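All residue numbers refer to positions in the sequence shown, counting from 1. Both backbone and side-chain heavy atoms feed into the values below; hydrogens, waters and symmetry mates do not. Please read these numbers as outputs of a predicted model, since none were measured by experiment.
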Amino acid sequence: MNTATLTSALGAIVPEAAPAHPASAARCEATPAKESDMASSTPTQTAAPAPTAEPGTPFGERAGQFFRAVIPPCLGFAFVIGLWALVAMSSADFPGPAKTFDAAVTLFSDPFYRNGPNDQGIGWNILSSLKRVAVGFGVAALVGIPMGFIIGRFAFMNSMLEPIISILRPVSPLAWLPIGLMVFKAADPASTWTIFICSIWPMILNTAQGVQRVPQDYLNVARVLNLSEFKIITKILLPSVLPYMLTGIRLSIGTAWLVIVAAEMLTGGVGIGFWVWDEWNNLKVEHIIIAIFVIGIVGLLLEQLLLLIARRFSYGTN
């Protein structure tokens, strides 16, 4: 078989490749140029990205959060006021919400009047009670916080003072009032003494617990560095104990404000507790209800203030 015959036979079996379509060839030729243009334009787009604003919270979600935060407390207050109105309807001597509100408007229109030592506005009575609480609470902090450090730091002092604290702490604060009257011979310092004795226990116990929870590794490092006791307290113990100490202070202020009302009822003078008892003697029950709300609001404000301070000095746990 010659060469010409072999070539013709192969041509019959394997067809020649069809020429590419002109448009396809044009597209294939244009692709590298397009890719090169995109490659040249990419750095410019990356260097200056278009700012994208985060979508805000939808209005429906914000409204739902608002209603979940506002509606339940409003329903609670509405339930209390409705129950109060029902009780007032069934008793002629018990004032209803409307009568109490009118009395509150009259009372707070001039809260700082003075008509003698035993007839003063509710504003002066609240300030007098707060003054006694501040003095007794301040003295309790000056004594209780250092004592808590001593009890938590030294095992010998803990063993010596723990039984005494365990016996005296459950005693009712008002049981200490006659002791104060006998020692100070006056009602005002006796009330302050009662505030002191009821406020000191939470400070001592919480501060001591905070000192005992300080990691032993910190104290070992201080021993290796040969730090003085003053530096151990100020640089190691105080930052670690501060949250516990503020918790004790918050518990103490609530107890102090609770006790001062009862102490003033027994001792007399100017104060919100004495004012409540005096209004009862005058058969002004609506003023007693107003005083209950005032005492609760002032106590809530004191606690929220201390919670704000505690958040300011608390450490993150992340």
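Of all non-hydrogen atoms in I290 and A103, the two that sit nearest each other are CD1-C, 3.8 Å. What you find for V276 and A291 is that their closest heavy atoms are CG2-CB, 3.4 Å. Closest approach of L181 and A187 over heavy atoms only: CD2-CA, 3.9 Å. Considering all non-hydrogen atoms of both residues, W201 and I197 come closest at NE1-O, 3.0 Å. A pairwise comparison of heavy atoms in S240 and I236 identifies OG-O, 3.2 Å as the closest pair. The heavy-atom pair separating A263 from L177 by the smallest distance is O-CD2, 4.3 Å.
Around the CH2 atom of W84, the shell of radius 6.0 Å holds more than 12 heavy atoms that belong to other residues, nucleotides or ligands. Within 6.0 Å of atom CG in D93, 12 or fewer heavy atoms from other residues, nucleotides or ligands are found, so the atom counts as exposed in its surroundings. More than 12 non-hydrogen atoms from other residues, nucleotides or ligands lie less than 6.0 angstrom from CZ of F112. More than 12 heavy atoms of other residues, nucleotides or ligands lie within 6.0 Å of CZ in F108, so this atom counts as buried by the packing criterion.
Relative orientation of the W176 and W193 rings is perpendicular, given thresholds of 30° and 60° on the angle between their planes.
The backbone N or O of I295 lies less than 3.5 Å from a partner atom in the side chain of W257, making a donor-acceptor pair. N206 contributes a side-chain N or O that, together with a main-chain N or O of P202, makes up a donor-acceptor pair within less than 3.5 Å. No donor-acceptor distance shorter than 3.5 angstrom exists from the side chain of W277 to the backbone of G273, with no hydrogens or angles considered. Of the possible polar contacts, none joining the N226 side chain to the A222 backbone as a donor-acceptor pair under 3.5 Å is found. S252 places a side-chain N or O within 3.5 Å of a backbone atom of S199 that can act as its donor or acceptor partner. Using a distance-only test at 3.5 Å, with no hydrogens or angles considered, no donor-acceptor pair links the side chain of S91 to the main chain of A88.
We find the CE-CG distance between M203 and L251 to be 9.5 Å, quoted to the nearest 0.5 Å. Rounded to the nearest 0.5 Å, atoms OG1 (T207) and CD1 (I145) are 5.5 Å apart. Rounded to the nearest 0.5 angstrom, I165 CD1 and I204 CD1 are separated by 4.5 Å. The CG atom of L130 lies 9.5 Å from the CD1 atom of I272; values are rounded to the nearest 0.5 Å. Distance check, rounded to the nearest 0.5 Å: OH of Y218 to NZ of K235 gives 16.0 Å. The line from CG of L127 to CD of Q120 is 10.5 Å long, rounded to the nearest 0.5 Å.
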- [ ] Go through K284 and I288 one step at a time and tell me if the side-chain contact (heavy atoms from CB on, under 4.5 Å) criterion holds.
- [x] CA-CA 7 Å; K284 294 182 179 179; I288 298 175; over 6 Å; no
- [ ] Report the C-alpha distance between K231 and L225 in whole Å, list the side-chain angles of each, state the deciding distance to 0.1 Å, and finish with yes or no for side-chain contact (heavy atoms from CB on, under 4.5 Å).
- [x] CA-CA 11 Å; K231 285 190 176 181; L225 297 176; over 6 Å; no
Open item on the list: Please evaluate residues T192 and F184 with respect to the criterion side-chain contact (heavy atoms from CB on, under 4.5 Å), reporting the C-alpha separation (whole Å), side-chain torsions for both, the decisive distance (0.1 Å), and the verdict.
Closed with: CA-CA 10 Å; T192 305; F184 298 106; over 6 Å; no
- [ ] Please assess R132 against D188 for the test side-chain contact (heavy atoms from CB on, under 4.5 Å), listing each intermediate value before the final yes or no.
- [x] CA-CA 8 Å; R132 294 188 185 98; D188 194 46; 2.4 Å; yes
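Contact annotation: the side chain of S191 approaches that of I260 to within less than 4.5 Å [non-hydrogen atoms, C-beta and beyond]. In this structure the side chain of R250 reaches within 4.5 angstrom of the side chain of L307, judged on heavy atoms. Looking only at side-chain heavy atoms (C-beta outward), Q304 and L301 stay at 4.5 Å or farther from each other. Between T194 and C198, every side-chain heavy-atom pair lies at or beyond the 4.5 Å cut-off. At a threshold of 4.5 Å between non-hydrogen side-chain atoms, the residues N220 and D217 count as touching. No side-chain heavy atom of N282 sits less than 4.5 Å from a side-chain heavy atom of H287.
Both V171 and I179 belong to a common hydrophobic cluster when Ile, Leu, Val, Met, Phe, Trp and Tyr are linked at side-chain heavy-atom distances under 4.5 angstrom. Note: the hydrophobic cluster containing M245 also contains V211 (ILVMFWY, side chain heavy atoms under 4.5 Å, direct or indirect links). Note: the hydrophobic cluster containing F149 does not contain F154 (ILVMFWY, side chain heavy atoms under 4.5 Å, direct or indirect links). Using a 4.5 Å cut-off between side-chain heavy atoms of Ile, Leu, Val, Met, Phe, Trp and Tyr, with links allowed through other members, I249 and L258 fall into different hydrophobic clusters. Cluster membership check: V139 does not share its hydrophobic cluster with L306, using side-chain heavy-atom separations under 4.5 Å among Ile, Leu, Val, Met, Phe, Trp and Tyr.
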